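Read through the structure below, which is laid out as structure tokens, and then see the notes.
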Amino acid sequence: MENQEAEGTLEAAKTEVQRKSLDQREQMTDLMRLRHSCAHILATAVLRIWPDALLDIGPPTDEGYYYDFDLKSHRFSPEDFPRIEEEMRKVMKENQVFERVEKARDEARAYFEVRGQRYKTERLADIPEGETITFYQNGEFVDLCAGPHVMRTGNVKAFKLLKVASAYFRGNEKNPQLQRIYGTAFKTKDELETWLRMQEEAKKRDHRRIGAEMGLFAFDAEYVGPGLPLWLPKGTVLVEELERLAKETEFAAGYVRVRTPHLAKEKMYRTSGHLPYYAESMFAPMEFKEAEADEVATRYYLKAMNCPHHHRIFAAEPRSYRDLPLRMAEYGTCYRYEQSGELFGLMRVRSMQMNDAHIYLTPEQFTAEFNAVNDMYLKYFKIFGLDRYLMRFSTHDPSRLGQKFVNEPELWKKTEDMVRDVLKSSGINYVEVPNEAAFYGPKIDVQVWSAIGREFTIATNQVDFAVPARFGLVYRDRDNTDKTPLCIHRAPLGTHERFIGFLIEHYAGNFPLWLAPEQVRVLTIGEEAPLTEYAQSIVAELRAHQVRAEADLGNNPIKAKIQDAEVARVHTMLVVGGRDLAAGQVSVRLHSKGPQGARPRAEAIAQIVEAIRDRGS
RNA sequence: GCCAGCUUAGCUCAGCGGCAGAGCAACGGUUUUGUAAACCGUGGGUCGUCGGUUCAAUCCCGACAGCUGGCUCCA
């Protein structure tokens with residue numbers, strides 16, 4: 001499984017279609033139009049304050065808009081916002097008309113060249129011959145722009161500048177870095193306020209915040225290293241429950257489990273073909289001489305993916321067509337040296353454990369097997385109540401065969417057709433993205449959106465018809481000849497790190513019973529010995545059933561104990577006082593759902609045990 | 001890796017060129033309880049690290065580290 005993640009590529013796909021036709025632009029929503037106009041107002045204000053700013057572009061986004069500037073004389077910081085916003089308000093008060101002007105190409109080029117607006121000159125060159133070139137003008141501000149806009153600057157009434165950032169011109173690292181200002185705008189002040197409030201709420205669901213509150217994981221950059229998460233006991237519960245789910249599911253689907261070391265010799269990654277492309281993303285190798293007499297040092301790499309090890313397991317024994325499909329699973333730990341600026345909580349880390357498996361099969365087995373993998377994805381999505389997802393089907397670009405993609409035109413076509421058929425026939429929500437495949441075959445990445453709107457590639461599913469051959473993997477076929485198997489890489493639960501990061505935000509830390517780090521807490525009202533013993537015996541019985549149960553026997557008032565348990569997001573609270581002891585019952589309370597009434601002790605315990613087994617809510 | 005911002009007690013955050021602060025948490029005691037915070041007390045800090053300016057630096061300046069927001073990357 002090569003890529004833990006692939007966010008950003010959809011962005012690339014969007015850029016492909018960024019040159020929208022004028023018809024498409026006409027369909028821009030009112031809100032987009034408003035935001036786009038606000039971006040122009042932002043640029044108007046910036047130019048008034050810093051007349052030497054060079055302009056790039058200022059499109060609307062899902063959240064608002066931005067405008068990119070090249071400004072040598074000043075570095076934007078949030079401290080500039082009040083000043084810029086004030087100038088923007090002036091522009092709005094002036095109520096300038098947004099006026100559309102068509103220009104001939106030469107005229108447009110001359111306009112920007114005279115003003116030294118070199119980014120605009122380049123943008124102008126992007127516009128295909130024959131397309132109408134339009135400028136929009138408001139007051140003194142003129143911009144190359146296809147529009148559309150609102151009528152007047154005064155139409156924008158609710159806006160706010162949000163953050164400064166940098167961005168490479170055309171998104172290319174080799175180009176100059178521009179200063180970007182992000183802002184947002186809404187039709188009404190109320191809508192803006194509501195959105196800002198929602199942003200605040202979203203912060204509370206941030207997995208980093210909840211992870212710290214609940215004691216799930218920690219980072220120790222000083223002693224362990226950046227991007228290397230430590231799983232605390234409560235987070236480890238999540239990890240192990242997910243592993244249990246995966247093991248049960250895979251066992252039922254006919255997988256076998258393997259275990260492999262965390263490192264391998266350089267030869268492994270030379271053979272797999274990863275090293276030339278991937279070395280930068282791997283931790284630097286360990287190098288040493290195995291024996292005094294060795295002339296040359298041996299290099300070991302921490303593994304960045306599990307497939308080569310699995311391939312060697314395939315090669316460890318002779319294989320017959322009767323052994324296929326061979327489904328080899330491992331929650332393998334991988335290490336990737338992600339660039340420092342890319343690290344992001346649990347979502348982007350340098351050590352990760354993957355829900356990996358490699359399925360070795362014959363071409364005839366492909367459709368059935370790929371379908372089965374797909375079904376497993378859907379099964380998981382259902383368990384986690386994941387309904388907002390998109391499968392991104394990445395295919396090759398025939399013009400880059402032999403470079404970016406292995407030169408097997410027929411295999412490419414055949415496997416892509418097979419994958420497409422499966423996706424179509426299962427009625428799954430998917431998009432096809434050309435030129436994004438792995439070098440060894442087409443892939444499907446599963447995109448999900450967390451509750452706070454973050455988009456992630458959470459899982460991946462790839463077809464590999466190249467690497468098994470590089471390792472010389474063969475099986476003896478019916479006709480007594482050796483043949484190279486196909487391989488499906490799949491990781492429906494992605495990596496623990498990212499998947500749990502996602503689940504934390506998905507559930508806002510309020511995990512379903514089967515996942516909850518603390519499933520049950522027994523709270524006593526009073527400290528009399530018989531009551532304490534009653535509570536302890538309930539906890540003991542629950543634990544005997546493998547339920548994660550704790551007791552709060554302290555001397556705090558019951559209100560305080562409930563407060564503590566609610567804040568700790570304990571799934572089920574069993575309140576016991578004198579009445580309950582006398583009746584052999586417990587008073588059930590569910591996290592953020594309130595009291596559920598009293599029931600006999602045995603019944604309550606049986607219910608809990610059953611609910612955990614069913615992996616329900 | 002690049003641009004910008006941030007870094008003060010376990011957590012959330014005040015503060016300021018001149019003795020380091022609050023709330024929550026922790027700990028000790030009092031209270032003995034019926035569904036989201038009882039009361040009293042105690043401890044807790046190299047103000048990220050290193051260097052500079054200054055009579056004096058948590059505060060000003062610089063470098064570094066980490067984190068955050070973006071960008072880039074993610075086979």
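The sequence lines fix the lettering, A, B, ..., with proteins before strands; numbering per chain opens at 1. Note that the structure is predicted; figures quoted are calculated from it, not measured.
A/Phe405 comes within contact range of no nucleotide atom at all, as no heavy-atom separation falls under 4.0 Å.
The partner of B/C71 is B/G1, judged by Watson-Crick or G-U wobble contacts that both fall below 3.5 Å. Pairing partner, B/G23: B/C11, with both Watson-Crick or wobble hydrogen-bond distances short of 3.5 Å. When Watson-Crick and G-U wobble pairs are counted only if both distances are under 3.5 Å, B/A38 pairs with B/U30. Nucleotide B/C64: paired with B/G48 (Watson-Crick or G-U wobble, both distances less than 3.5 Å).
In B/C19 the O4'-C1'-N dihedral to the base is within 90° of 0, which defines a syn nucleotide.
In the interface, the side chain of A/Asn555 is paired with the base of B/U30 through a donor and an acceptor atom under 3.5 Å apart.
Using cut-offs of 30° and 60° on the angle between ring planes, the pair A/Trp231 and A/Phe217 is perpendicular. In this pair, A/His207 and A/Phe344 present their aromatic rings perpendicular. The plane angle is above 60°, beyond the 30 to 60° band. Ring planes of A/Phe76 and A/His74: perpendicular class, angle over 60° (limits at 30 and 60°).
When distances are taken from the side chain of A/Pro226 to each of B/U72, B/G66, B/A37, the shortest belongs to B/G66. Closest to the side chain of A/Lys559, out of B/U35, B/A4, B/G34, is B/U35. Taking only side-chain atoms of A/Pro78, from C-beta outward, the nucleotide of B/A36, B/A4, B/U33 with the closest atom is B/A4. Candidate nucleotides B/G34, B/G69, B/C73 were compared by shortest atom distance to the side chain of A/Glu342, and B/C73 ranks first. Nearest to the side-chain atoms of A/Ile525 among the listed nucleotides B/G34, B/A36, B/A4 stands B/G34. Listed nucleotides B/A36, B/A38, B/G70 differ in distance to A/Ala165; the shortest reach to its side chain belongs to B/G70. When distances run from any side-chain atom of A/Ser166 to the nucleotides B/A37, B/A4, B/G70, the shortest one goes to B/G70. Nearest nucleotide to the A/Glu566 side chain, out of B/G34, B/A36, B/C67: B/A36. Nearest nucleotide to the A/Arg75 side chain, out of B/C3, B/G34, B/U32: B/C3.
Distances shown here put every side-chain N or O of A/Ser77 at or beyond 4.0 Å from the OP1 or OP2 atom of B/A4. A close approach under 4.0 Å does occur between a side-chain nitrogen or oxygen of A/Tyr182 and OP1 or OP2 of B/C71. A sub-4.0 Å separation between OP1 or OP2 of B/G69 and a side-chain N or O of A/Arg180 is absent. Of the side-chain N and O atoms in A/Lys163, one or more sit less than 4.0 angstrom from OP1 or OP2 of B/G70. Contact between the side-chain N/O atoms of A/Arg208 and the OP1/OP2 oxygens of B/U68 is found at a separation under 4.0 Å.
Nearest-nucleotide assignment on RNA chain B puts the 5′-proximal partner with A/Tyr337, out of A/Val575 and A/Tyr337. Nearer to the 5' terminus of RNA chain B, by closest-nucleotide assignment, is the contact made by A/Glu527 (compared with the other of A/Ala560 and A/Glu527).
Under a cutoff of 6.0 Å and an axis angle of 45°, A/Arg400 and A/Trp412 do not form a cation-pi pair. Relative to the six-membered ring of A/Tyr337, A/Arg350 meets both conditions, a distance below 6.0 Å and an angle of at most 45° to the axis.
In this structure, A/Glu122 pairs ionically with A/Arg170, as a charged nitrogen and a carboxylate oxygen lie closer than 4.0 Å.
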